[in-house]
Amino acid sequence: MPLIDLRSDTVTQPTAAMREAMMAAELGDDVYAEDPTVNRLEAWLAQELGFEAALFVPTGTMSNLLGLMAHCERGDEYIVGQQAHTYKYEGGGAAVLGSIQPQPIEGEVDGSLDLAKVEAAIKQDDFHFARTRLLALENTMQGKVLPLDYLSAARELTRRHGLSLHLDGARLYNAAVKLQVPAREITQHFDSVSVCLSKGLGAPVGSVLCGSAALIAKARRLRKMVGGGMRQAGVLAAAGLYALQHQVERLAEDHAKAAHLGEALLRLGYDVEPVQTNMVYVQLGARAERIKAFMAERGIVVSAAPRLRLITHLDVGSEGVERVIEAFAAFRDH
Ligand SMILES: Cc1ncc(COP(=O)(O)O)c(C=O)c1O
C-alpha cells in the first residue's frame, strides 16, 4: 500500500523527466556566477516575474532572510503577520542574523493583514523607535489567496510611507493558478519576491529571490555570508527550471483534489475551513491526539494538530484522496 503523505507539499519526489533534466544540466561554479543552468534559471524567473535580477538559494527560509536583510539595516523594523512564515517559522532569523525587529500584527481570516492596522503600526521618525522599513506579505497564506486589489492597496500604502514591500511567495504559483492570471500580475506590486521551487512545483531543493539589480547584488553578498553559496548548483536549478516550465498548470489538479477532499470531509460532519488552493484545514480539537496513529495504520501520514492541515500535491493521486476520505469516515465512527 503506497504511503500518502499529506503533511506538506514539500514531500514531493522529483519525477523521472525532472531527474533527466537534472542529469543533463550544464554545470559550472555558481559562487563565481559561472553555472549556466543557475544563470538561466535566475534570468528566466526574473524576466517572467518582471524583475531586473534573481538569486538562486537553497531554501525559502534563506530567500526570505536575504530579502529582509537586503531591504533593512540593523535597527530597522518590518511589519509582518503573527502567523507569517517569515516571522513564526524561520527561527527568528531576521532578528538574530539581521538585527531587524519584527512588528507582528494579527492577520485576518482571509489571509491578509488589515491595511489600517498596518498603517497604525508604522512608527514615526523618532529616535525612540526602530525605523519601519518594510511590509512583508505571504501569498498564498495558509492556502488562501490575497486578492489583486488588496495587493495594489498594499503597494499604495507602502509607497505613501516610503516602505518596501516583500512577498513570501513560497506558493506564488498556487495563487496565480487559482486567480488564473500570469504570476507577474501578483509580483508587479512587490519590491522583492521569494519563490519556492520545492513545494507544490515539485523540485527537490531551491528557492529564488527576485528584485532590483541592486537588491539582488546585496542579497548575493549576504548569501555568501550566511553560507548559502553553492558550487555546481545547476544540477538543482535544472529541476527548478523544469518545474517552472512543466509543472505550474498542474497545480490546478492539486486544488481540485483539495476541494474534493474538503467537501467530502464536510459531508462527513467535520469542521472544515473553506478550501481555496491545495490546503485543507480541519478542526479536530482534542481528537487530534489520536489521528496520527490512526491514519498511520492506514498508510496515511499526517501531523497531529488540533487544526489539522492536509495538503494535496504531485504525489497524491485521486485514488489516494479516496483512501483518505474512507479513513476519515472510519475515524469519525471510531
Ligand atoms: C509560506 C512559506 N514560506 C517559506 C517557507 C520556507 O521554505 P524552506 O522550507 O525551503 O526553508 C515555507 C516552508 O514550508 C513556507 O511554507
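Both ligands and their constituent atoms are indexed starting at 1 by order of listing. Because the structure is predicted, anything quoted here is derived from the model rather than measured. Throughout, residue positions are numbered sequentially from 1 according to the sequence presented.
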*Hey, looking at atom 6 (C) of ligand 1, which of His85, Met279, Met141 has the closest heavy atom?*
His85
*Of the choices Ala84, Gly60, Ser198, which has the non-hydrogen atom that lies closest to atom 10 (O) of ligand 1?*
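Going through Ala84, Gly60, Ser198 one by one, Gly60 has the nearest heavy atom to atom 10 (O) of ligand 1.
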_In this structure, does ligand 1 have an atom that sits under 4.0 Å from one of the heavy atoms of Glu90?_
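True for this residue.
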Would you mind checking which non-hydrogen protein atom is closest to [atom], with the distance to 0.1 Å?
atom	answer
atom 1 (C) of ligand 1	Glu138 OE2, 3.2 Å
atom 16 (O) of ligand 1	Arg171 NH1, 2.9 Å
atom 11 (O) of ligand 1	Thr61 OG1, 2.5 Å
atom 7 (O) of ligand 1	Lys199 NZ, 2.9 Å

*Can you tell me how far CD of Gln103 sits from CG of Leu134, rounded to the nearest 0.5 angstrom?*
13.0 Å
*State the CG-CG distance between Leu68 and Asp76, to the nearest 0.5 angstrom.*
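Taking CG in Leu68 and CG in Asp76, the distance rounds to 11.0 Å.
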_Residue that, paired with His255, satisfies side-chain hydrogen bond (donor to acceptor under 3.5 Å, both in side chains) out of Asn278, Thr312, Asn174_ =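 Testing each of Asn278, Thr312, Asn174 against His255, the sole residue satisfying side-chain hydrogen bond (donor to acceptor under 3.5 Å, both in side chains) is Asn174.
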*Do the charged groups of Asp35 and Arg231 touch, with an N to O distance under 4.0 Å?*
no
*Do Phe294 and His334 make the cut of ring centroids closer than 6.0 angstrom?*
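Between His334 and Phe294, which both carry aromatic rings, the centre distance is below 6.0 Å.
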*asked:* Looking only at distances, can you tell me whether any N or O atom of Asp168, backbone or side chain, sits closer than 3.5 Å to an N or O atom of ligand 1?
replied: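 By distance alone, the answer is yes.
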_Side-chain H-bond candidate by donor/acceptor type, His189 with Ser152, under 3.5 Å_ =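 Note: His189 and Ser152 side chains miss the donor-acceptor criterion.
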